[in-house]
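Presented below is the structure to which this report refers.
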Amino acid sequence: MLALFLPLFLVLLLIGMPVFFAMLAAPGFMLYATGMERDISLLFRNIYNGIDSFPLMAIPFFMLAGELMNRGGITMNLVQFSQSFIGHVRGGLAHVNVLSSMLFAGLSGSAVADTSAIGSMMIPAMEKNGYSRKFAAAITAASSVIGPIIPPSGIMIIYAYTMEVSVAALFAAGIVPGILVGGGLMLMIALMAKKYDFPVAGPKSTWKERGNATRNAIFPLFAPVIILGGIIGGIFTPTEASAVATAYALIISVWVMKTVKLRDLPEIFIKGAQASAVVLLLVGSAIAFKTVVSLSHSAEILADWVLTISENPLMLLFLINLLLFVVGMFLDAGPAIIILGPILGPIFINLGIDPVHFAIIMSVNLTVGLATPPMGLVLFVASSVSGERIESISKAILPFLAVEVAVIFLVTFFPSLSMTVPRMLGLVAG
């Protein structure tokens, strides 16, 4: 069934069917074609069952917190903070773009929100400063994938829910890979700046100006400390942390910074609800599909087939990374994790790979897929924000994708890069 489902699913996507409907239509048709019509009702029952979960409440809360912070001008404060420290170097605005994405990642956990929020400010500013629009859009899309890697992360919450892995451990494990992606992108920018003579954004800021920028950014910068500190310290669960993050964003935006009016809140809540509905519908449909896959025993069949290729975990990890990278080109990270996690996770856990390590491999790889052509979601968002054609952005983003692929393999073959922090915090066994 799995072999029949995937080609049909891709065909439905290519003809323009929304992912939610394609994830239901493809397995539904396969159940009908294989004489299992009675199980079609499972698809519909499990859409609701897949969404009806207390841990998944963290997703709408984190999305609402990101929407509040973005609407409250907090993104601008992060950009100004970044620019005050590194805007004066050659290629400074490109560096500012990446650093702002790293800081914003600690607030939103969403690549799409990052692309929209950072891109709407940085792309016009970079173009005005002498960068090509396609380059500005490309670095915005490439850096936005840091959003779901540095905690909090909606994708990691979905993986933890699906595979029963500690959310706190995943959050801790994502810190170093996220920094590696950001650092690698900034290194690539520095190399390109020398070759292509990138412009300098402006004069070096004085320490007084940096102090002012830091003071303006202190409240948003403190949010990740509250979120991660509370989770790792055992003060509250990730779901409770998402509610705390929303309350914090509301207080800062409405009463401290006073950049959001009470009359703006209904519109912000509606946008947050709409964004959450899209994600949760995808989660529900993916859980429904996972149920159908379990009926066909496809996971066991695939596991047996994978082990016929090689029993060397490193070789299999290399091959699975290639598979995940291709999947990420066509499928959003959330549904891909829910579909492939239960299939691939047990194979590698049985081979001795730590569950948290494999979770990070999947999460980072599929997150990078959000920026890969032809169907990377953030490419479409960057195209919409910049007005540049996707084909042009896809060409300009290739050097940055090479960096991110290198980080994927570093995280894969050097487990300590992702596992040291959770081990130090006692979240996984040493």
>> Set out, in order, the CA-CA distance, both residues' side-chain angles and the distance that settles ring pair (Phe, Tyr, Trp, His ring centres under 6.0 Å) for Y159 and F358, then state yes or no.
In response: CA-CA 11 Å; Y159 189 99; F358 185 75; 7.1 Å; no

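Without hydrogens or angle criteria, S253 side chain to A249 main chain gives a donor-acceptor distance under 3.5 Å. T420 contributes no side-chain N or O that, together with a main-chain N or O of L417, makes up a donor-acceptor pair within less than 3.5 Å. Counting only distance, with no hydrogens or angles, the side chain of H95 and the backbone of Q83 share no donor-acceptor pair below 3.5 Å. Of the possible donor and acceptor atoms, one in the side chain of T246 sits under 3.5 Å from a partner among the backbone N and O of F61. Looking only at distances, no side-chain donor or acceptor of S363 sits under 3.5 Å from a matching main-chain atom of I360. Formation of a donor-acceptor pair under 3.5 Å by the S143 side chain with backbone atoms of I139 is found in this model. Proximity of a side-chain donor or acceptor of D264 to a complementary backbone N or O of V260 within less than 3.5 Å is not detected. A donor-acceptor pair is defined here as one N or O able to donate and one able to accept, closer than 3.5 Å; no such pair exists between the side chain of N365 and the backbone of M362. Formation of a donor-acceptor pair under 3.5 Å by the S418 side chain with backbone atoms of P415 is found in this model. Put simply, the side chain of R90 never gets that close to the backbone of A193: no donor and acceptor are under 3.5 Å apart.
Using a 4.5 Å cut-off on side-chain heavy atoms (C-beta onward), T412 and I408 make contact. Two residues are said to be in side-chain contact when any heavy atoms from C-beta on lie closer than 4.5 Å; I123 and Y131 fail this criterion. Looking only at side-chain heavy atoms (C-beta outward), I320 and L344 come within less than 4.5 Å of each other.
Each of D114, T115, T140 was checked for a side-chain hydrogen bond (donor to acceptor under 3.5 Å, both in side chains) with S101, and the lone residue meeting it is D114.
Between E388 and K134 there is no salt bridge, since no side-chain N of the basic residue sits under 4.0 Å from a carboxylate O of the acidic one.
Aromatic rings of F409 and F414 (six-membered ring for Trp) have centroids beyond the 6.0 Å cut-off, not under it.
Using bins of under 30°, 30° to 60° and over 60° for the plane-to-plane angle, the ring pair Y248/F222 lands in the tilted bin.
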